[in-house]
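Each remark here refers to the structure printed beneath this line.
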Amino acid sequence: MTLYATFPYDCPYLPDRTAVSAVYDPGVPVDSQLYGELIRYGFRRSGPRLYRPHCPGCSACESLRIPADRFRADRSQRRTWRRNADLHARIRPAELDLEHFELYRRYQKSRHPGGEMDFREPEEFGRACLTSPVDTRLVELRDPGERLLAVAITDFLPTGLSAMYTFFAPEESRRSLGTYAILWQIAHAREEGFPHVYLGYWIRDCDKMAYKDRFRPAEIWTGTCWQELEEGRGDREATPR
């Protein structure tokens, strides 16, 4: 396996830290089969690029996945599932849709204004979020009146589903749509025989990434194998690499 280290850059998750990524050989064409193998070794996709963290002195980013067959929702998650029982899902190709973009803009304006993904034009959104060399699909969640409430950008891989990005109606906070989208992906993986749902990197000290350890059981890539994330692990400090 040939990997290339990026130049150091400002960490997008933890303040006052510098990040480095190990990038899989960019000369090798990426497809679902390749990514399905590499995601099992802690890799993540950004557009056509496969990478994993390689930061000197820091191991805060840990790849996390949910074993679909063993997942058990907690009381709060069960309430969220019931609260959204009226929604129906539709799986569509990863193609630009202005209705999706309008929802995305509302979500960004409410949750992440001025952030690096606060795209102002549909074409920017399409290039950044929908351009993919793998089997990427859009999971729409709509209410009984066909109002679009959420879109989950999801990679369908031989080794599991990879939750790439979810955006939703910010005015529907009571529904906990971000949580529901993950619950739906886990349920769909179980129904369709996908063994895992990959949630990307869990970062204990980053509020927008720390939520992932609420889905149990969860497994963390240690660098050599997947190990179950023990109860209480979210209370520890990130350990040095």
Side-chain angles (χ1 to χ4, degrees), residues 1-66 94 108 112 114-119 124-136 153-166 196-213 218-229 233-234 236-241:
M1 182 187 300
T2 303
L3 301 176
Y4 297 89
T6 65
F7 288 109
Y9 56 93
D10 291 338
C11 177
Y13 303 114
L14 300 174
D16 304 320
R17 298 202 194 186
T18 298
V20 175
S21 294
V23 181
Y24 188 74
D25 188 347
V28 176
V30 174
D31 58 19
S32 296
Q33 190 67 40
L34 176 62
Y35 185 29
E37 286 299 316
L38 291 182
I39 201 171
R40 297 167 58 210
Y41 297 94
F43 281 81
R44 191 71 170 158
R45 181 179 70 82
S46 177
R49 184 184 68 169
L50 303 182
Y51 72 96
R52 65 185 179 193
H54 190 65
C55 306
C58 179
S59 61
C61 297
E62 299 181 274
S63 187
L64 182 147
R65 72 184 186 185
I66 308 300
Q108 289 293 329
H112 310 292
E116 62 180 12
M117 293 187 67
D118 190 6
F119 306 119
E124 291 181 293
F125 164 70
R127 285 193 298 269
C129 298
L130 306 179
T131 302
S132 169
V134 305
D135 181 8
T136 301
I153 304 174
T154 308
D155 287 343
F156 282 65
L157 307 172
T159 50
L161 302 184
S162 176
M164 292 297 296
Y165 197 79
T166 298
H196 300 102
V197 175
Y198 291 84
L199 297 184
Y201 296 115
W202 173 63
I203 305 171
R204 178 263 188 205
D205 293 320
C206 177
D207 289 343
K208 65 180 181 180
M209 305 292 272
Y211 70 90
K212 299 175 183 181
D213 73 348
E219 297 174 344
I220 289 289
W221 174 250
T222 68
T224 57
C225 64
W226 290 92
Q227 288 186 356
E228 190 155 321
L229 182 65
R233 174 80 180 278
R236 72 172 183 84
E237 295 293 335
T239 56
R241 187 179 295 278

Closer than 4.0 angstrom, basic N to acidic O: yes or no for Arg127 and Glu124?
no

Verdict with supporting geometry, Thr6 and Tyr51, side-chain contact (heavy atoms from CB on, under 4.5 Å)
CA-CA 10 Å; Thr6 65; Tyr51 72 96; over 6 Å; no

Calculate, to the nearest 0.5 Å, the distance between atoms [atom1] and [atom2] belonging to [X] and [Y] respectively.
| X | Y | atom1 | atom2 | value |
| --- | --- | --- | --- | --- |
| Asp207 | Tyr13 | CG | OH | 14.0 Å |
| Asp155 | Leu161 | CG | CG | 9.0 Å |
| Gln227 | Glu219 | CD | CD | 10.0 Å |
| Tyr211 | Trp202 | OH | CH2 | 13.0 Å |
| Leu64 | Trp226 | CG | CH2 | 7.0 Å |
| Ile220 | Cys225 | CD1 | SG | 11.5 Å |

In sequence, state the C-alpha distance, the side-chain angles, and the governing distance for Met209 and Cys61, and then conclude on side-chain contact (heavy atoms from CB on, under 4.5 Å).
CA-CA 9 Å; Met209 305 292 272; Cys61 297; over 6 Å; no

Contact summary for [X] and [Y], nearest pair of heavy atoms:
| X | Y | answer |
| --- | --- | --- |
| Ile66 | Ala218 | CD1-CB, 3.9 Å |
| Gly47 | Pro133 | O-CD, 3.6 Å |
| Pro12 | Lys208 | O-NZ, 4.2 Å |
| Cys58 | Arg17 | SG-NH1, 3.1 Å |
| Gln33 | Pro158 | OE1-CG, 3.8 Å |
| Ala19 | Cys55 | CA-SG, 3.6 Å |

When you look at OH of Tyr41, are more than 12 heavy atoms from neighbouring residues, nucleotides or ligands closer to it than 6.0 Å?
no

Crowded around Phe7 CZ? As in, over 12 foreign heavy atoms under 6.0 Å?
no

Would you say that Ser21 contacts Tyr9 through its side chain, given a criterion of any heavy-atom pair below 4.5 Å between the two side chains?
yes

Report yes if the side chains of Tyr35 and Arg44 come closer than 4.5 Å at any heavy-atom pair, otherwise no.
yes

Side chain of [X], backbone of [Y]: donor and acceptor closer than 3.5 Å?
| X | Y | result |
| --- | --- | --- |
| Trp221 | Phe43 | no |
| Arg49 | Val23 | no |
| Lys212 | Leu199 | yes |
| Thr159 | Gly36 | yes |
| Tyr201 | Gly42 | yes |
| Tyr198 | Ile39 | no |
| Asp25 | Gly27 | yes |
| Ser162 | Met164 | no |

Do you know which of Leu157, Thr136, Leu38 makes side chain to side chain contact (heavy atoms under 4.5 Å, CB included) with Arg45?
Thr136

